[in-house]
Amino acid sequence: METTKELEHIPPMKKGQLNIYKPSDIKRWGVERFLEATAVHDPFLLEFPEFTEEENRRMDELLAEGDKGAV
(Lines give C-alpha, C1' and ligand atoms only; values in the text may rest on other atoms or scores of the structure.)
Protein backbone atom coordinates (compact mmCIF):
# COMPACT_ATOMS: atom_id res chain seq x y z
CA MET A 1 0.00 0.00 0.00
CA GLU A 2 1.43 3.32 -1.07
CA THR A 3 0.75 6.48 0.90
CA THR A 4 1.51 9.99 -0.20
CA LYS A 5 1.65 12.81 2.29
CA GLU A 6 0.35 16.09 0.91
CA LEU A 7 2.87 18.88 1.41
CA GLU A 8 1.80 21.74 3.64
CA HIS A 9 1.20 25.04 1.84
CA ILE A 10 3.91 27.69 2.34
CA PRO A 11 2.38 31.18 2.42
CA PRO A 12 3.88 33.35 -0.34
CA MET A 13 5.84 36.54 0.28
CA LYS A 14 3.60 39.60 0.09
CA LYS A 15 4.86 42.54 -1.92
CA GLY A 16 5.15 45.73 0.11
CA GLN A 17 4.81 43.98 3.49
CA LEU A 18 7.17 42.55 6.05
CA ASN A 19 7.10 38.79 5.84
CA ILE A 20 7.98 36.93 9.00
CA TYR A 21 8.41 33.18 9.01
CA LYS A 22 9.12 31.30 12.23
CA PRO A 23 12.25 29.11 12.28
CA SER A 24 10.08 26.19 13.39
CA ASP A 25 7.90 26.60 10.28
CA ILE A 26 10.95 26.70 8.00
CA LYS A 27 12.31 23.54 9.63
CA ARG A 28 8.95 21.82 9.21
CA TRP A 29 8.69 22.77 5.52
CA GLY A 30 12.37 22.13 4.77
CA VAL A 31 14.87 24.87 3.98
CA GLU A 32 15.27 24.08 0.27
CA ARG A 33 11.52 23.94 -0.30
CA PHE A 34 11.03 27.16 1.71
CA LEU A 35 13.68 29.06 -0.28
CA GLU A 36 12.29 27.81 -3.59
CA ALA A 37 8.79 28.94 -2.61
CA THR A 38 9.75 32.37 -1.24
CA ALA A 39 12.75 33.46 -3.32
CA VAL A 40 12.29 36.34 -5.72
CA HIS A 41 12.87 35.12 -9.26
CA ASP A 42 12.32 38.45 -11.03
CA PRO A 43 15.32 40.73 -11.59
CA PHE A 44 15.53 43.75 -9.31
CA LEU A 45 14.93 47.02 -11.13
CA LEU A 46 17.71 49.36 -10.02
CA GLU A 47 16.14 52.42 -11.57
CA PHE A 48 13.47 54.16 -9.54
CA PRO A 49 10.92 55.83 -11.83
CA GLU A 50 9.96 58.46 -9.25
CA PHE A 51 13.58 59.66 -8.97
CA THR A 52 15.05 62.31 -11.24
CA GLU A 53 17.99 61.40 -13.49
CA GLU A 54 20.36 63.08 -11.01
CA GLU A 55 18.86 61.13 -8.08
CA ASN A 56 19.21 57.86 -10.03
CA ARG A 57 22.86 58.68 -10.78
CA ARG A 58 23.54 59.44 -7.10
CA MET A 59 21.79 56.21 -6.03
CA ASP A 60 24.01 54.24 -8.44
CA GLU A 61 27.09 55.87 -6.89
CA LEU A 62 25.95 55.04 -3.35
CA LEU A 63 25.19 51.44 -4.30
CA ALA A 64 28.62 51.09 -5.92
CA GLU A 65 30.28 52.47 -2.76
CA GLY A 66 28.24 50.05 -0.65
CA ASP A 67 29.43 47.13 -2.78
CA LYS A 68 33.01 48.16 -1.99
CA GLY A 69 32.24 48.27 1.75
CA ALA A 70 32.67 52.06 2.01
CA VAL A 71 29.15 52.82 3.25
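When reading the values below, keep in mind they use all heavy atoms of this one structure, side chains included, and skip hydrogens, waters and symmetry mates. What you see is a predicted model, and the numbers here were worked out from it, not measured in a lab.
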Heavy-atom pair with the smallest gap, counting every atom of Ile10 and Ala37: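 What the structure gives for the nearest pair is CD1-CB, 4.1 Å.
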message: I need the minimum non-hydrogen distance between His9 and Trp29, along with the two atoms involved.
response: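 Smallest interatomic distance, heavy atoms only, reads O-NE1, 4.1 Å.
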message: Exactly one of Glu61, Glu65, Met59 should register a side chain to side chain contact (heavy atoms under 4.5 Å, CB included) with Leu63. Which one does?
response: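 Between Leu63 and the candidates, side chain to side chain contact (heavy atoms under 4.5 Å, CB included) is satisfied uniquely by Met59.
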query: Considering the options Glu54, Glu53, Glu55, which one meets the side chain to side chain contact (heavy atoms under 4.5 Å, CB included) requirement together with Phe51?
result: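 Of all the options given, the one that passes is Glu55.
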field: Stepwise salt bridge (charged side-chain N to carboxylate O under 4.0 Å, His left out) test for Arg57 and Asp60
entry: CA-CA 5 Å; Arg57 186 192 58 73; Asp60 289 340; over 6 Å; no
message: Can you confirm whether Arg33 sits close enough to Leu7 that some side-chain heavy atom of one is under 4.5 Å from a side-chain heavy atom of the other?
response: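 Contact flag for Arg33/Leu7 side chains = yes.
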- prompt: For the residue pair Tyr21 and Phe34, does the interplanar ring angle fall in the parallel (under 30°), tilted (30 to 60°) or perpendicular (over 60°) class?
  reply: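 Ring orientation, 0 to 90° scale: perpendicular.
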query: CD/Glu32 to CD1/Ile26 distance, rounded to the nearest 0.5 angstrom?
result: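 Between Glu32 CD and Ile26 CD1, I get 13.5 Å after rounding to 0.5 Å.
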